[in-house]
2 protein chains.
Amino acid sequence: MVTMSDVAKLSGVSTMTVSNVINDRAGVSDQVRRRVLEAIRQSGYRINVSARTLRSGRTGVIGLAVPEIDRPYFGHLATHVIAQAKERGFHVAIEETGAGAAGEIDAIAHSHKLQFDGLILSAVGLDPGDSRLSGGDYPIVMLGEQDFSARFDHVAMPNEEGTKAATAHLIDRGCRRIAIVTGAALDGVNVVTRRYHGYLAALAERGLDADPALRFAVDGMTLAGGRAAAHRLADSGHEVDGVVAVSDTVAQGVLRGLADRGLRVPDDVRLVGFDGIPEAAYTVPSLSTVAPDHRWMAAKAVELVTARIDDPSRPAAAYTAPFDLMLRESTR
Amino acid sequence: MVTMSDVAKLSGVSTMTVSNVINDRAGVSDQVRRRVLEAIRQSGYRINVSARTLRSGRTGVIGLAVPEIDRPYFGHLATHVIAQAKERGFHVAIEETGAGAAGEIDAIAHSHKLQFDGLILSAVGLDPGDSRLSGGDYPIVMLGEQDFSARFDHVAMPNEEGTKAATAHLIDRGCRRIAIVTGAALDGVNVVTRRYHGYLAALAERGLDADPALRFAVDGMTLAGGRAAAHRLADSGHEVDGVVAVSDTVAQGVLRGLADRGLRVPDDVRLVGFDGIPEAAYTVPSLSTVAPDHRWMAAKAVELVTARIDDPSRPAAAYTAPFDLMLRESTR
DNA sequence: TTGTAGGCGTTATCAA
DNA sequence: TTGATAACGCCTACAA
């Protein structure tokens with residue numbers, strides 16, 4: 001390995017001068033600078049980040065922890081976060097937590113271990129009251145899901161408002177028996193319960209009854225889960241003319257499951273999803289969806305971590321992303 | 001910050017003993033071990049990875065560089081790589097290269113900079129002859145696309161064989177005018193050209209002409225690209241009874257584009273994709289596809305990097321993933 | 001403008 | 001079984 005002192009020897013100066021050249025510090029004559037740069041080129045020297053970090057305490061890397069990177073929503077989110085971080089001179093390392101509290105706690109620990117300067121955590125399993133969250137002053141921004149606003153910086157999704165708008169839209173289109181395909185965890189405050197409450201709120205506001213028999217829970221927020229739920233729904237014998245899905249991926253599964261049972265969308269059943277993933281515009285029929293502004297969310301999250309990295313004592317801030325209700329063929 | 005020597009003082013031993021306890025090395029009495037662990041717990045000590053890396057030269061992190069993490073194929077691949085690496089005690093940091101040679105070179109540079117122990121690079125833009133690849137003995141494994149086998153460890157996809165099998169399948173189903181929706185870069189040796197050649201090979205073997213008018217190029221391997229290509233195809237006036245798409249994502253776009261033009265799959269046109277992403281089973285109609293074994297590929301890639309990390313001088317190895325031709329509704 | 005000394009937190013080596 | 005010492009490669013502080 002080529003070290004600074006190798007470069008120093010090669011160019012006939014001290015390591016300190018090499019360091020000054022590398023870090024673009026003032027007080028190096030042009031002639032020496034050139035000689036050092038040439039020596040660096042020749043030797044193929046690369047700075048050792050561990051050594052530098054050991055001294056400076058900064059790595060320039062932000063961690064992004066998501067439940068499952070193969071879920072389109074998180075893939076898109078990651079792409080945006082990477083772009084935003086790059087603009088601020090940070091690098092992003094992605095971590096997969098596996099949608100459980102344990103994985104999320106692990107991600108925080110790893111984040112320390114790998115010496116990221118800060119962490120953006122898309123927590124779905126973690127409870128805000130979890131005692132293991134008592135980490136201290138490490139810069140963590142919660143993205144999208146649970147409400148940790150009191151203790152952490154937080155960029156929330158418009159879960160209730162969005163699902164409420166989606167449900168109201170179905171009612172406007174004439175639906176009266178509206179089912180919801182929701183997640184399994186219906187206690188606590190999380191993305192699933194909040195979206196469920198948005199659905200209930202819209203029904204209540206329009207004077208419709210919420211029939212518990214029209215609530216179908218999926219195990220994971222997956223295509224398979226959505227499909228299975230649609231099968232149960234179709235086989236239940238309940239007349240349903242509208243379906244609110246907890247996410248676009250689940251909605252895609254529902255779409256497939258309804259097709260399996262010969263139910264046509266939107267003719268027999270109207271369907272609306274949540275997340276606004278680009279894929280939703282390409283299904284057949286295309287999928288109406290609640291689309292939070294992903295770019296905005298990513299920008300906000302990166303802005304918050306970097307701010308907290310610079311000033312660990314600043315008060316926690318909370319924002320909620322704006323959203324669009326994208327109307328497509330599935331609710332025509 | 002709590003350091004090892006703080007823990008050492010607190011528990012009345014030397015730093016070396018603390019180090020031994022932390023790294024689970026033999027030769028520490030149970031009593032001392034317990035005392036040290038208790039001191040670690042009390043003090044909230046966390047190991048400093050930079051210092052450890054500075055000494056040991058290992059970070060325990062493998063970089064995974066992919067063109068776009070929001071493309072389902074890469075999302076799934078990443079999930080598998082993470083799982084496999086975990087089994088071998090490695091951590092994975094994902095890097096997005098943006099599907100260009102520049103980004104891929106950058107990823108290599110970053111990988112050095114961030115001191116990953118090795119890098120798995122899913123290169124699509126990089127040319128095997130690129131002079132900037134002359135890095136030296138840093139452990140890099142090429143995954144999936146280009147053929148770098150002479151200089152790098154390489155896990156290839158069954159590009160030609162797979163597309164050939166897919167095309168032959170269409171012919172078996174009675175298709176005679178088979179179009180291909182392919183990528184833009186039709187020179188050099190890359191995933192696009194190899195799949196294209198597989199298509200040509202199948203046609204030739206069955207005595208069918210390859211009509212250049214039935215070749216439709218997309219700009220990116222995206223849903224939008226596939227849709228646009230399908231529009232051009234439908235509007236061209238050519239009679240087409242089968243379509244081979246260069247990837248599943250492109251095929252999904254094609255599916256949508258054909259629906260836009262009122263063409264039914266498989267009744268009017270049969271369609272087959274490539275990659276075997278799980279999403280392909282959930283489209284309407286579901287999508288036949290060439291499915292390489294992702295888990296196998298991930299396992300092989302991780303095996304190769306770790307082997308090279310342990311022995312940088314071992315000869316480069318090359319493997320090609322096995323595949324299944326998944327037959328679904330789109331070619332029924 | 002350049003150089004020297006010392007230390008960041010950890011671990012390998014060798015001695016006790 | 002445990003401990004003292006000397007690095008790892010870089011940067012801060014200060015001296016020349």
Side-chain angles (χ1 to χ4, degrees), chain A residues 1-40 43-61 109-117 138, chain B residues 1-40 43-61 89 91 111-117 138 309-310:
Chain A
M1 180 189 270
V2 187
T3 73
M4 234 180 211
S5 74
D6 293 331
V7 175
K9 260 176 226 146
L10 197 61
S11 47
V13 300
S14 74
T15 61
M16 207 45 233
T17 299
V18 176
S19 173
N20 286 333
V21 169
I22 285 171
N23 293 286
D24 233 356
R25 281 187 278 257
V28 183
S29 68
D30 257 21
Q31 204 193 1
V32 171
R33 177 183 306 277
R34 244 189 298 276
R35 225 169 48 212
V36 170
L37 288 174
E38 175 57 20
I40 288 175
S43 60
Y45 167 77
R46 289 178 200 269
I47 194 157
N48 180 321
V49 178
S50 293
R52 166 186 274 178
T53 298
L54 186 58
R55 295 252 14 157
S56 72
R58 287 278 180 95
T59 57
V61 180
H110 277 138
S111 181
H112 274 103
K113 214 186 75 175
L114 295 177
Q115 309 242 121
F116 301 151
D117 291 342
Y138 181 73
Chain B
M1 179 191 268
V2 186
T3 73
M4 231 180 214
S5 74
D6 293 330
V7 175
K9 261 176 226 149
L10 197 61
S11 47
V13 299
S14 73
T15 61
M16 207 45 233
T17 299
V18 176
S19 174
N20 286 334
V21 169
I22 285 171
N23 293 287
D24 235 354
R25 280 186 277 254
V28 182
S29 68
D30 257 21
Q31 204 193 0
V32 170
R33 177 183 305 277
R34 241 190 300 278
R35 226 168 47 209
V36 170
L37 288 174
E38 174 58 18
I40 288 175
S43 59
Y45 166 76
R46 288 177 198 273
I47 194 157
N48 181 322
V49 178
S50 293
R52 163 185 282 177
T53 299
L54 183 58
R55 259 314 314 198
S56 69
R58 290 279 180 92
T59 57
V61 179
H91 207 88
S111 181
H112 274 102
K113 213 187 75 174
L114 294 178
Q115 310 243 123
F116 301 150
D117 291 342
Y138 181 73
I309 289 168
D310 289 339

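Proteins get letters first, then strands, A, B, ... in listed order; numbering begins at 1 in each. Basis for what follows: all heavy atoms, side chains included, without hydrogens, waters or symmetry-related copies.
- Atom CG of B:Asn48 is separated from atom OG1 of B:Thr3 by 9.5 Å, given to the nearest 0.5 angstrom.
- Regarding A:Lys9, its NZ atom lies at a distance of 16 Å from the C1' atom of C:dT4, rounded to whole Å.
- For the pair B:Leu54 CG and D:dA7 P, the interatomic distance rounds to 14 Å; values are reported in whole Å.
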- Start with the C-alpha gap between A:Asn23 and A:Arg52, add the side-chain angles, then the distance that decides, and say whether side-chain contact (heavy atoms from CB on, under 4.5 Å) holds. CA-CA 11 Å; A:Asn23 293 286; A:Arg52 166 186 274 178; 2.9 Å; yes
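- In this structure, of D:dT2, D:dG9, C:dT2, it is D:dG9 that holds the atom nearest to the side chain of A:Asn48.
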- What does nucleotides 11-16 of chain D look like as a protein-contact string, B for base, S for sugar-phosphate only, - for none, at under 4.0 angstrom between heavy atoms? BBB---
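- Computed from coordinates, the B:Arg34 CZ to D:dT2 C1' distance equals 18 Å when rounded to whole Å.
- Taking the side chain to side chain donor-acceptor pair (under 3.5 Å) definition, one finds that A:Arg34 meets it with nothing, sequence neighbours left out.
- The phosphate of D:dG3 (OP1 or OP2) has a side-chain N or O of B:Thr17 nearer than 4.0 angstrom.
- Separation of atoms CZ (B:Arg35) and CD1 (B:Ile40) is listed at 12.5 Å; rounding is to 0.5 Å.
- A:Glu38 CD to A:Ser43 OG: the interatomic distance, rounded to the nearest 0.5 Å, is 9.5 Å.
- Dashed line: the shortest gap from a side-chain N or O of B:Ser14 to OP1 or OP2 of D:dG3 is under 4.0 Å.
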- side-chain contact (heavy atoms from CB on, under 4.5 Å) assessment of A:Tyr45 paired with A:Ile22: CA-CA 11 Å; A:Tyr45 167 77; A:Ile22 285 171; 3.4 Å; yes
